[in-house]
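If you're wondering where the values come from, they're calculated on a predicted model, not measured in any experiment.
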Amino acid sequence: MKGEPPPPHPLPSDPVPDPVPDHRAAVPDPDPVPDHRTAVPVSSVPLPAVPLPSVSATSESAVSNFDPAATAPTAVSNVASVEARSTGSRLPALTRRLAGGVLLPVAAVVAAVSGGAAFFGGAAVTAVIPLLCAAALGATLVTGFPLILLALGLLGIRRRSPVAAGLAGSIALAVAATAAFTVFRPMPRIPLAPPPVGVAFWDLPTGSRIAYVAVRAAHPRATPVIFLHGGPGTPGEGVPDAGRALAALGFDVYAYDQVGAGRSTRLADVTGYTVARQVADLEAIRHLLGADKLILVGRSWGGSLTARYLAAHPEHVAKAVFVSPGPLWEGAYPGHDTGDPWSRLPPSQTRLRDELAGTPRMIVHSVLMSVDPNAAHALVPDDEADPWFRRVMLTGKDATRCPGSPPAPVHDNRPGFYVNQLTSADAERAADPRPALRAVEVPVLILRGECDYLKPEVAEDYRRTLRGSTLVRLAGAGHSITTEQPRYLPLLRDFLLR
């Protein structure tokens, strides 16, 4: 190599040692410089007699013992090391790209989930649906953008920010479009029919506007009879047939739609549907009628309401009839295990009910009910929720009857979804009325059908709590004793005339 002294020319008479191979990789000189020294034949140049150094035995031994094969593993290991470094440099790049490919769809899912969380979480603060939608889209963008940016970086994409912004925006638009065609697509709304002839309204000081029907006696007695429907929120249509028979006996008879149900007003703030509100409405009705005492006939939930009113105003109840009454106090039944009519549905009706309840709109609505009922009300208003609720109730209308009974009749007086849900929830929190009822001395008749889906303990709790009460068990009747058991009217008439 250039810069090194040239090797001495061996004398012709000197023995030339075997060359020692250089195992270093031969690297060509990128810019070889020609050697301008003139090659002079050795024979033409007289050389002085210079004694040559002798080659020691050690050197000769080292040269003679050199084995090229012994150095081969070193060379191979060097090559392997170079290849390993090259492969190692490729593996992290491949891993990064795989991680980026996985992170990209994960970012889309996480962004969509965060948007849903913002929507439901925002319902705890506001019931305004457009604001909840804005919060959901904002959360989708804010969550999606950095995750997508990271994924693009792992994938080695240049100009990542605009691409990430575009992808995050696309995810937000996809979520919005999906929600628009599923969650925010209204269900059919059936307009209310005009009230039938004979329907009138009370405007109560509680703020309720109550629809009612009355059948008045020609020569009325002092104490009117009021029928209280079940549900909560599932009214009948008009005065029951038994009521007309009672009017013929001299009783003024009334049947009204409780607030939030039938043709009565719906509340703008659905959290106003409480047991106390129903009791206050009934007391206001008593004042409007100018009656000192009432005879109350409560069916199903109407029986629970009768018991609540009796506990609050025992002095204003002349007699009370409990027909297939609901629980006297929900807290007496752990897990609210009082009986389930839905467990009696045939498979076809079960599928229909599940289809009605399993739409994206109603699933979201159900979650909102647990966060803020007013937000759920804003998403699905009364004129949409009530017809839906009616369809659900119709799937189970015959599950409360004895097997083989004719189908239950159907009417057009619309039930109220929100009064049903919110009043039922409030009943679970309400105080136990039984201590107050144990001190009440009012004649009480309790009727229970043998096929009632409500457990026998429910009616038995009324008998134990209300002193002097009479419990009558009726064969061949289910929850709807009034339409299934012919003995109903004679029992009711004899009790009221006693």
Side-chain angles (χ1 to χ4, degrees), residues 24-31 74-186 358-368 370-372 375-376 378-380:
R24 294 173 299 175
V27 181
D29 193 338
D31 187 18
T74 303
V76 172
S77 64
N78 290 339
V79 173
S81 176
V82 172
E83 291 179 350
R85 286 195 299 269
S86 176
T87 305
S89 65
R90 289 196 301 268
L91 283 177
L94 179 60
T95 303
R96 286 165 59 86
R97 284 177 170 78
L98 286 175
V102 171
L103 181 58
L104 203 55
V106 169
V109 173
V110 171
V113 170
S114 67
F119 182 85
F120 293 121
V125 179
T126 179
V128 180
I129 298 299
L131 290 180
L132 298 180
C133 293
L137 290 177
T140 302
L141 289 170
V142 169
T143 305
F145 177 78
L147 291 176
I148 295 172
L149 192 66
L150 176 59
L152 295 178
L154 293 172
L155 290 170
I157 304 297
R158 296 185 178 183
R159 297 178 58 82
R160 294 190 298 272
S161 293
V163 175
L167 289 176
S170 299
I171 293 170
L173 288 176
V175 170
T178 302
F181 285 99
T182 56
V183 175
F184 299 110
R185 186 177 183 179
T359 64
R361 184 169 177 82
M362 293 312 296
I363 291 173
V364 171
H365 175 264
S366 178
V367 176
L368 287 177
S370 64
V371 178
D372 180 8
L379 177 67
V380 182

In terms of heavy-atom contacts, Gly115 and Ala139 come closest through CA-CB, 4.1 Å
With sequence neighbours left out, the residues meeting side chain to side chain contact (heavy atoms under 4.5 Å, CB included) with Val109 are Val113
May I have the list of side-chain donor-acceptor pairs in residues 172-184 shorter than 3.5 Å, sequence neighbours left out?
{"unit_1": "Thr178", "atom_1": "OG1", "unit_2": "Ala174", "atom_2": "O", "d": "2.8"}
{"unit_1": "Thr182", "atom_1": "OG1", "unit_2": "Thr178", "atom_2": "O", "d": "2.6"}

The side chain to side chain contact (heavy atoms under 4.5 Å, CB included) partners of Ala107 (sequence neighbours excluded) come to Leu147, Ile148
Exercise. Indicate yes or no: at least one non-hydrogen side-chain atom of Phe119 is less than 4.5 angstrom from one of Val364.
Key: yes
Smallest heavy-atom separation, Val371 atom then Ala124 atom, equals CG1-N, 3.7 Å
Residues at least two apart in sequence or cross-chain that pass side chain to side chain contact (heavy atoms under 4.5 Å, CB included) with Phe145, listed by chain then number, are Leu149, Ala164, Ala165, Ala168
The complete set of side-chain hydrogen bond (donor to acceptor under 3.5 Å, both in side chains) pairs with one or both residues in residues 127-138, sequence neighbours excluded, reads none
Quick note, side-chain hydrogen bond (donor to acceptor under 3.5 Å, both in side chains) partners involving residues 116-145, not counting sequence neighbours, are Ser114-Thr143
Can you tell me if Ser366 uses its side chain to pair, donor with acceptor, with the backbone of Met362 under 3.5 Å?
-> no
Minimal heavy-atom distance between Ala378 and Ile129, with the atoms involved, is CB-CG1, 3.8 Å
In short, Leu368 meets Phe120 closest at the heavy-atom pair CD2-CD2, 3.8 Å
Between Asp372 and Ala127, the two heavy atoms sitting closest are OD2-CB, 3.9 Å
Contacts satisfying salt bridge (Lys or Arg N to Asp or Glu O under 4.0 Å) that involve residues 359-368 (not counting sequence neighbours) are Arg361-Glu384
